[in-house]
Participant: 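Before I ask anything, here is the structure I am working with.
As the structure is a prediction and not an experimental result, all values here were calculated from the model. Position 1 is the first residue of the sequence; numbering continues from there.
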Amino acid sequence: MSAASLDSRVGAIRTVALVGPAGAGKTLLLEALLAHAGAIAQPGSIERGSTVSDHDPLERRVGHSLQSSLAHFTHGGIRVHAIDTPGAPDFVGQALPALEAADTALVVINAQHGIELMAQRMLTAAAGRGLARLIVVNRIDAPDSDLPGLLAQIRNVFGRECLPLNLPADSARRVADCFFAASGAADFSSVAEAHRALVEQVVEVDAGFVDRYLSEGDIDPRELHAPLEQALREGHLVPVCFCSARTGAGIGELLAVIEALMPNPAEGNPPPFLEGKGSEPRPYPAQPDPARHVLAHLFKVVADPYLGKMGVMRVHQGRVAKGGLLYVGHARKPIRVTHLFMLQGGKHVDVDEALPGDLCAIAKVDDLAFDAVLHDAQEDEHIYLKPLDFPTPVHGLALSPARRGDEQKLWEVLARLVDEDPCLRIEQAGETHQTLVYGLGELHLRLLLERVKELYKGEVVTEPPRIAYRETVSQAAEGHYRHKKQSGGAGQFGEVYLRVEPLPRGSGFEFVDAVKGGTIPGAFMPAVEKGVRQACARGVVAGHPVTDLRVVVYDGKHHSVDSKEIAFVTAGRRALTEAVRAAQPLVLEPVVQVEITAPEHSVGDITGDLASRRGQVNGTRTAVPGSLIVQGLAPLAELANYQTRLNAMTAGHGRYTLLLSHYEAVPPSTQAALVAAFGGHDEGD
């Protein structure tokens with residue numbers, strides 16, 4: 001969309017996401033911006049629980065952000081939407097979706113702590129999403145901070161395109177502008193040199209400006225808005241700003257940068273909408289035009305106790321109006337927008353309309369789901385936003401209600417919470433008969449349990465997930481059982497001879513009817529198979545399902561009067577048990593592919609630890625700058641509570657994902673322990 005045709009109201013919108021590690025000061029930075037813009041009387045305090053964004057009672061209790069939170073303000077004729085995100089790696093499922101809603105990612109770095117892995121991770125994710133990036137160095141007033149060294153580190157780690165828009169001055173009590181000002185005093189470096197580097201970096205994207213710069217020297221930065229936006233879009237420039245949310249130093253200048261230099265909805269890269277079914281969808285060119293069809297993306301879902309399901313969305317195209325009709329994804333029935341509001345932390349501010357670039361919310365709609373696209377024309381039902389690449393939740397916990405009969409109620413509460421967080425997953429484990437919830441770490445699940453207790457209002461029992469072991473045979477063997485029962489009248493009779501044979505790993509189960517001469521009539525063969533399958537499902541030596549074997553029934557006997565299905569079910573079950581016990585049974589364990597992302601300096605500890613867990617390392621590759629991904633295989637049983645150990649080796653910066661690879665036999669000592677724990681139960685009885 002050309003600048004001439006851009007709706008002036010849309011051109012006056014800015015949307016930013018504050019991302020970065022925990023402790024960087026994102027929440028207080030937002031408080032300082034809100035106060036400077038006049039949206040609040042004074043900045044709130046985390047200690048007093050009075051900040052706008054940390055409005056949830058649980059957040060106030062623990063003292064840090066657990067979910068993304070929205071706020072907005074108007075200053076200098078510009079409406080700014082800001083998303084405050086949690087910085088703990090366990091809550092990245094709340095931070096990443098903010099990148100789908102913003103045009104600019106403000107990557108906040110604590111001047112005392114330097115560059116942390118979460119800052120690298122979010123900067124890389126923002127670049128992958130095509131966002132403009134602005135690095136904000138907060139807490140410049142902190143003692144013992146090395147600001148010149150930190151700026152050099154930023155440029156070394158993130159690239160030479162990271163250039164300061166301003167520099168600390170007067171012992172970090174204020175900042176000196178380096179873009180519009182050609183000279184000035186700063187605590188370190190040179191304003192003049194920083195100004196020259198910025199101008200040269202910006203004009204490089206436009207050949208006409210390059211010629212002017214070479215012939216005329218310095219160019220008025222006010223003429224460089226178009227090439228500046230291009231440089232931001234292309235990642236050719238990643239500005240760095242300095243500030244202190246505590247003292248207010250640089251806050252006004254940061255606000256001015258957001259308003260004057262950061263892109264409006266038409267100046268950033270277009271959102272990655274796709275259209276069509278199948279494996280090769282086409283890019284869809286959404287335009288920030290209020291007159292076009294509506295396209296809005298739900299990047300956050302909240303189960304509000306008073307408003308029901310609430311969906312928070314970014315309007316990308318068209319105009320969402322109160323009272324209008326919208327479709328949710330593929331739904332054929334439209335919903336009416338009865339309530340439309342913008343969020344100010346926990347407060348709801350009613351609005352009549354939302355334009356492209358606005359963040360707004362609707363409520364009391366059960367069909368809302370994370371990542372859904374809302375539209376007002378049914379022909380747009382196949383348009384969707386390119387999905388984010390979320391980390392796989394692998395930290396598991398089994399939950400059950402203390403009160404029998406409440407299983408469904410607990411499941412509904414868990415499903416409601418999983419709707420809010422794309423990095424939570426629940427499942428019913430058929431093999432172990434457990435309700436399992438998976439998250440990104442111990443903290444993630446601990447806070448989930450807090451929310452479950454609030455909503456479920458009953459006692460919940462937790463235990464580690466049971467390992468889904470399996471059993472198989474290592475050689476062929478035969479089994480036989482005659483079931484004969486006489487009780488006065490008609491009796492029960494069935495006799496089965498069968499053979500078990502091992503199959504390759506992953507083959508499953510085969511049942512073969514090789515009976516000749518009708519010794520077992522065909523009508524009773526399904527009963528024999530049923531008994532065999534019952535024994536396989538229950539397990540023979542350790543109480544786990546039997547797999548990777550072929551069962552061949554080759555002989556038997558029947559009685560013309562006493563033979564019944566129940567007799568052949570019992571005979572098949574007991575014959576299978578006898579055969580498996582004679583076939584040198586093995587207990588199999590799941591082996592998983594593991595990918596561990598961690599700082600480079602921790603890789604040696606990680607590979608050694610993995611080897612101690614019966615694992616093997618298959619290689620490493622580079623992740624974000626300063627970190628590596630270790631790839632390997634390990635038994636799942638050895639990775640119980642692995643995140644805790646990984647946190648210790650990586651100072652909390654390590655993450656891992658798991659994917660089932662195959663099953664293989666457990667060590668003899670483990671098999672002996674599992675068999676002993678089963679206690680020699682005869683499941684055939």
Participant: Compare every heavy atom of Ala88 with every heavy atom of Ala22, then report the nearest pair and how far apart it is.
Facilitator: CB-N, 3.9 Å
Participant: Quick one, Gln94 with Gln67, criterion side-chain hydrogen bond (donor to acceptor under 3.5 Å, both in side chains). Give me CA distance, side-chain angles, the key distance, then yes/no.
Facilitator: CA-CA 5 Å; Gln94 289 286 322; Gln67 55 188 338; 5.3 Å; no
Participant: Going through the checks in order, is the side chain to side chain contact (heavy atoms under 4.5 Å, CB included) test met by Ser189 and Leu167?
Facilitator: CA-CA 8 Å; Ser189 189; Leu167 288 167; 4.0 Å; yes
Participant: Verify side chain to side chain contact (heavy atoms under 4.5 Å, CB included) between Glu267 and Leu232, making sure each step is shown before the conclusion.
Facilitator: CA-CA 9 Å; Glu267 292 173 329; Leu232 293 173; over 6 Å; no
Participant: Does the Gln344 side chain pair with the main chain of His72, one donor and one acceptor, at a distance under 3.5 Å?
Facilitator: yes
Participant: Side chains of Pro21 and Leu117: does their closest heavy-atom pair fall under 4.5 Å?
Facilitator: no
Participant: Can a donor-acceptor pair be found, under 3.5 Å and without considering hydrogens, that links the side chain of Arg133 to the backbone of Gly130?
Facilitator: no
Participant: Is the closest basic N to carboxylate O distance between Glu47 and Arg60 below 4.0 Å?
Facilitator: no
Participant: Inspect the surroundings of CG in Asp220 and state if more than 12 heavy atoms from other residues, nucleotides or ligands are less than 6.0 Å away.
Facilitator: yes
Participant: Extract all donor-acceptor atom pairs below 3.5 Å that involve side chains of residues 29-39 and protein atoms in other chains or at least two apart in sequence.
Facilitator:
{"unit_1": "Glu31", "atom_1": "OE1", "unit_2": "Gly44", "atom_2": "N", "d": "2.7"}
{"unit_1": "Glu31", "atom_1": "OE2", "unit_2": "Val52", "atom_2": "N", "d": "2.6"}

Participant: List the atom pairs, donor and acceptor, that lie under 3.5 Å between side-chain atoms in residues 147-164 and the rest of the protein, sequence neighbours left out.
Facilitator:
{"unit_1": "Arg155", "atom_1": "NE", "unit_2": "Cys162", "atom_2": "O", "d": "3.0"}
{"unit_1": "Arg155", "atom_1": "NH2", "unit_2": "Arg160", "atom_2": "O", "d": "2.7"}

Participant: Are the side chains of Leu18 and Val107 in contact, using a 4.5 Å heavy-atom criterion?
Facilitator: no
Participant: Just how far is it from atom CG of Leu388 to atom CG of Asp371, taken to the nearest 0.5 Å?
Facilitator: 7.0 Å
Participant: Judged by atom type as modelled, is there a donor-acceptor pair below 3.5 Å linking the side chain of Glu595 to the main-chain atoms of Gln631?
Facilitator: no
Participant: Could you tell me if Gln317 and Gln287 have a donor-acceptor pair between their side chains, going purely by distance under 3.5 Å?
Facilitator: no
Participant: Keeping the roles fixed (side chain from Asp103, backbone from Arg14), state whether a donor-acceptor pair exists under 3.5 Å.
Facilitator: no
Participant: Do any N or O atoms from the side chain of Thr620 and from the backbone of Val630 form a donor-acceptor pair under 3.5 angstrom?
Facilitator: no
Participant: Do the side-chain N and O atoms of Glu204 and His236 include a donor-acceptor pair separated by under 3.5 angstrom?
Facilitator: yes
Participant: Rounded to the nearest 0.5 Å, what's the gap from CG on Asn264 to CG on Asp7? Could you check?
Facilitator: 11.0 Å
Participant: Take Thr51 and Thr27 through the side-chain hydrogen bond (donor to acceptor under 3.5 Å, both in side chains) test and state the conclusion after the steps.
Facilitator: CA-CA 8 Å; Thr51 63; Thr27 298; 5.8 Å; no
Participant: Working to the nearest 0.5 angstrom, can you tell me the gap between Glu253 CD and Phe242 CZ?
Facilitator: 13.0 Å
Participant: Between Leu359 and Leu343, is any pair of side-chain heavy atoms under 4.5 Å apart?
Facilitator: no
Participant: Which distance, rounded to the nearest 0.5 Å, do you find between the OG of Ser50 and the CD of Gln42?
Facilitator: 8.0 Å
Participant: With sequence neighbours excluded, give me every side-chain hydrogen bond (donor to acceptor under 3.5 Å, both in side chains) pair touching residues 135-145.
Facilitator: Gln112-Arg139, Asp141-Ser244, Asp141-Arg246
Participant: Kindly say whether Val301 contributes a backbone atom to a donor-acceptor pair with the side chain of Lys309 at under 3.5 angstrom?
Facilitator: no
Participant: Heavy atoms only: give me the nearest Val19-Thr85 pair and the separation to one decimal.
Facilitator: CA-OG1, 3.5 Å
Participant: Taking Asp358 as the fixed residue, which of Arg79, Arg314, Arg319, His316 is the one that meets the side chain to side chain donor-acceptor pair (under 3.5 Å) rule?
Facilitator: Arg79
Participant: With a 4.0 Å cut-off on N to O distance, would you call Arg451 and Glu420 a salt bridge?
Facilitator: no
Participant: Suppose we call two aromatic rings close when their centres sit under 6.0 Å apart. Are His195 and Phe179 close by that rule?
Facilitator: no
Participant: Is His297 close to Leu374 at the side-chain level, that is, under 4.5 Å between some pair of heavy atoms?
Facilitator: no
Participant: Between Asn166 (side chain) and Ala176 (backbone), is there a donor-acceptor pair under 3.5 Å?
Facilitator: no
Participant: Strictly distance-based, threshold 3.5 Å: is any side-chain N or O of Asp206 a donor or acceptor partner for the main-chain N or O of Pro227?
Facilitator: no
Participant: Compare all side-chain heavy atoms of Leu131 with those of Thr104 and state whether any distance is below 4.5 angstrom.
Facilitator: no
Participant: Could you go through Ile629 and Ile596, starting from their C-alpha distance and side-chain angles, then the distance that decides it, and tell me whether this counts as side chain to side chain contact (heavy atoms under 4.5 Å, CB included)?
Facilitator: CA-CA 5 Å; Ile629 294 176; Ile596 306 165; over 6 Å; no
Participant: Can you confirm whether Leu424 sits close enough to Asp419 that some side-chain heavy atom of one is under 4.5 Å from a side-chain heavy atom of the other?
Facilitator: no
Participant: Contact between Asp90 and Leu445 at the side-chain level, heavy atoms closer than 4.5 Å - yes or no?
Facilitator: no
Participant: Parallel, tilted or perpendicular: which one describes the rings of Phe273 and Tyr284, with boundaries at 30° and 60°?
Facilitator: perpendicular
Participant: For the residue pair Leu99 and Met122, establish whether any side-chain heavy-atom pair is separated by less than 4.5 Å.
Facilitator: yes
Participant: Identify the two heavy atoms, one from Gln643 and one from Arg655, that lie closest to each other, and give their separation to 0.1 Å.
Facilitator: NE2-NH1, 2.6 Å
Participant: Provide the closest heavy-atom pair for Asn647 versus Gly654 in the form atom of the first, atom of the second, distance.
Facilitator: OD1-O, 4.3 Å
Participant: CD of Glu353 to CG of Leu340: how many Å apart, nearest 0.5 Å?
Facilitator: 9.0 Å
Participant: Taking the side chain from Thr124 and the backbone from Gln120, do they hold a donor-acceptor pair closer than 3.5 Å?
Facilitator: yes
Participant: The test is side-chain hydrogen bond (donor to acceptor under 3.5 Å, both in side chains); show your working for Ser69 and Asp84 and say whether it passes.
Facilitator: CA-CA 5 Å; Ser69 183; Asp84 182 23; over 6 Å; no
Participant: Do Glu234 and Gln230 have side-chain N/O donor and acceptor atoms under 3.5 Å apart?
Facilitator: yes
Participant: Would you please test Leu261 and Phe180 for side chain to side chain contact (heavy atoms under 4.5 Å, CB included) and show each step?
Facilitator: CA-CA 11 Å; Leu261 303 182; Phe180 292 103; 3.9 Å; yes
Participant: Quick check: closest heavy atoms across Met313 and Leu298, and the distance to 0.1 Å?
Facilitator: CB-CD2, 3.8 Å
Participant: Hey, is the main chain of Met310 close enough, under 3.5 Å, to the side chain of Lys300 for a donor-acceptor pair?
Facilitator: no
Participant: Give me the atom names and distance for the closest heavy-atom approach of Leu385 to Pro271.
Facilitator: CD1-CB, 4.1 Å
Participant: Hey, could you give me the CD1/CZ distance between Ile383 and Arg282, rounded to the nearest 0.5 Å?
Facilitator: 9.5 Å
